[in-house]
Amino acid sequence: MSFPQRTIGCGDLRPDAAGRKVVLNGWAHRVRDLGGLFFVDLRDRSGIVQLFLDPSRFANLQEIRPETCLAVTGRVERRSPDTVNPKIPTGEVEVLVDEYQVLGPSKPLPFPLSDEEQMAQVNEELRIKHRYLDLRRPSMLRRLQIRASAVRRIRAYLDARGFLEVETPIITKSTPEGARDYLVPYRLDPGKFYALPQSPQQYKQLLMVAGVERYYQIAKCFRDESQRSDRQPEFTQLDLEMSFVVQEDVLQLMEDLTRQVVNGLIEDFGLDKRPVGPFARISYDEAMRLYGCDKPDLRFGLPIFDATEALSACSFGVFRSTIEAGGRIRGVRYPGGAHLSRKDVSQLEAFAKTFGAKGLATLSVVPSDAPDAVPAGDLAVKGSIAKFFTAEELQATLREADAEPGDLLCFVADRYEAGNNVLYRLRNEIGDRCGLRDRRELNFCWVLDFPLVEWDEETGRWSPTHHPFTSPKAEDLPFLESDPARVRADCYDIVCNGVEWASGSIRIHRPDVQARVFSLLGIDEATQRERFGHMLEAFQYGAPPHGGIAPGIDRLIMFLTDDENIREVIAFPKVGNGYDPLMDAPSPIDAQQWEEIGLRLADPG
RNA sequence: GCGGGUGUAGCUCAGUGGUUUAGAGCGCCGGCCUGUCACGCCGGAGGCCGCGGGUUCAAAUCCCGUCAUCCGCGCCA
């Protein structure tokens with residue numbers, strides 16, 4: 001097909017181009033047929049400009065409809081002052097069309113893609129099914145551009161510091177620990193399977209053994225687990241690994257990389273975000289104690305308080321029996337929550353119960369002279385449980401909670417771990433309700449000193465907090481067998497605004513230590529050889545100390561674009577059950593393919 | 001696997017057991033319109049009310065089941 005090729009982008013036209021003859025290639029964004037006048041807003045990647053077509057010169061203008069693909073030749077004209085459109089950057093000019101050619105006619109659209117406001121409401125599956133149209137929207141293009149720019153900046157940063165980008169296999173070995181694998185049948189030996197990698201973890205460690213020293217990859221990872229608004233079955237990580245480093249080296253590099261990349265993007269794209277400063281550091285234990293989780297949102301305070309000591313002898317049965325059973329009475333302060341209606345409070349309790357709380361006890365903090373209040377030192381409290389406590393108990397509790405008049409104290413009485421699971425969500429919820437989670441702030445922090453392993457009640461085994469290649473801290477190594485719970489790991493996460501963003505560690509590089517950790521995890525020697533023999537053997541050939549980290553690219557873009565849904569920052573996402581409405585995948589295979597892979601469906605039932 | 005929400009025109013939605021013909025805005029089709037830029041005005045077409053079953057004289061509406069999708073829980077070394 002021959003057609004006139006563009007000489008300039010639609011969005012690049014300014015008054016200084018007036019009088020010039022230009023060729024534009026793009027799509028009809030909107031069409032306005034006034035009878036004697038015909039306007040088309042022509043859109044390409046650079047922006048939108050208004051075309052003027054004289055209906056007396058063109059016989060078939062009705063062929064130009066929204067999203068018709070066009071080549072246009074015309075002259076740039078300055079608009080008269082009364083016809084300037086101040087709403088668009090090209091609003092001072094328009095293009096008088098001499099000739100146009102329809103490069104691709106368009107059917108009526110499945111959704112109003114030129115109207116961003118309406119598009120925000122359109123059924124998402126429909127958008128994904130027609131993603132090639134959805135992505136024409138400037139707001140979607142911008143997401144792709146921010147993403148590309150982020151990756152470009154990451155590459156530039158790492159390339160400049162001696163990192164080597166290496167591709168690792170996509171069809172590889174199944175590792176049943178961890179998430180469920182996506183499996184690929186092996187044609188030449190039916191019954192054997194490849195798996196898609198959950199991460200390039202083992203390959204990147206082998207690259208360290210191989211002497212690459214500094215590796216990175218923009219790596220696709222695959223996990224066949226249930227989705228969430230921030231989880232897709234395939235997602236992208238910046239996977240990086242360094243040799244001859246200690247934890248602090250990785251932390252400094254990653255923090256510097258993040259700040260440079262993110263701050264550069266904020267500036268390039270004019271994002272409404274404050275520049276990212278130095279990362280706070282918090283230990284795992286402290287994060288759990290103060291914020292109830294290993295991914296605290298540090299944009300606001302409201303740490304969890306502990307009233308267990310203050311109330312150890314109280315007469316409130318629920319609290320006392322919890323304490324006697326070894327549980328804790330901890331809570332979150334809700335500033336201004338004393339004014340909540342009974343209905344609001346019961347909503348809050350329902351919220352807590354969805355995360356396993358048995359109940360939510362509350363006390364309203366009021367001035368000491370408030371009527372019908374139970375005294376508590378300089379202050380007083382109200383609430384159905386207030387009568388169970390002495391003034392001394394209440395005063396000590398209020399001191400722990402750092403309470404002020406007008407606060408609502410929300411108590412969860414439970415085992416430490418179970419309480420945390422409720423309290424951290426409650427704290428985030430209160431932060432939301434009080435407007436304390438500032439969208440303009442990107443609060444990155446390090447969470448350090450994770451335990452190496454956690455006791456798994458279900459399997460009755462120790463399971464790795466991070467993954468089985470994480471190095472125990474040298475000073476804790478002697479307790480690996482005798483007291484696994486006290487062993488800390490050289491392991492570090494980056495959390496941003498309460499979302500886990502990156503996870504990394506110094507790895508085990510000694511085969512004897514690796515074998516001990518496998519054994520601790522209940523993996524017997526035969527299984528170790530079968531599943532991880534290549535790692536154990538590789539470590540016997542002069543393996544260097546090494547460590548790395550892997551931040552999520554999708555989530556990084558979500559932080560920058562304020563998207564709460566990961567699908568918005570992925571060009572071709574899956575819907576919730578892993579289905580791809582655009583390609584109609586997964587799909588059945590034909591008889592010959594069944595034959596080739598040598599498998600049959602099991603008989604139903 | 002579990003809980004909650006949604007499913008009505010191409011899109012977004014309204015419609016709480018009783019009008020003949022299930023409505024609105026946008027879109028679409030036809031007509032008019034020489035300065036629009038969310039153009040405007042007039043007219044028109046378009047519906048297995050997700051699907052299946054049940055209750056009823058009568059179901060978009062009530063009940064049961066099922067499917068899809070969204071959000072969350074479990075899961076995610």
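We name chains A, B, ... by the order of the sequence lines, and we start the count at 1 in each one.
Ring centers of A:Phe450 and A:Tyr284: under 6.0 Å apart, within the cut-off.
Between A:Phe58 and A:Tyr100, the angle of the ring planes lies from 30° to 60°, which puts this pair in the tilted group. Note: A:Phe539 and A:His546 have tilted aromatic rings, judged against thresholds of 30 and 60 degrees for the angle between ring planes.
In this structure, A:Arg461 does not reach the B:A77 phosphate: none of its side-chain N or O atoms is under 4.0 Å from OP1 or OP2. For A:Asn565 and B:C71, the shortest distance from a side-chain N or O to OP1 or OP2 is below 4.0 Å.
Shown for residues 501-521 of chain A: no residue has heavy atoms falling under 4.0 angstrom of RNA chain B. Across residues 223-239 of chain A, A:Arg223, A:Glu225, A:Ser226, A:Arg228, A:Ser229, A:Arg231 each have a non-hydrogen atom less than 4.0 Å from an atom of RNA chain B (numbered order).
Nearest heavy-atom pair, A:Leu521 versus A:Trp462, reported as atom, atom and distance to 0.1 Å: CD2-O, 3.5 Å.
Shown here are the side-chain contact (heavy atoms from CB on, under 4.5 Å) partners of A:Leu436, two or more places apart in sequence or in another chain: A:Phe300, A:Leu302, A:Cys434. Checked against ring-ring contact (aromatic ring centres under 6.0 Å, His included), A:His509 has no partners two or more places apart in sequence or in another chain.
Stem analysis of RNA chain B (at least three stacked-register Watson-Crick or G-U pairs, each with both distances under 3.5 Å) gives B:1-7 with B:67-73, B:10-13 with B:23-26, B:28-32 with B:40-44, B:50-54 with B:62-66.
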For nucleotides 35-40 of chain B, 5' to 3', base contacts (B), sugar-phosphate-only contacts (S) and non-contacts (-) with protein non-hydrogen atoms under 4.0 Å give BBBSB-
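Between the CD atom in A:Gln202 and the CG atom in A:Leu207 there is a gap of 12.0 Å [rounded to 0.5 Å].
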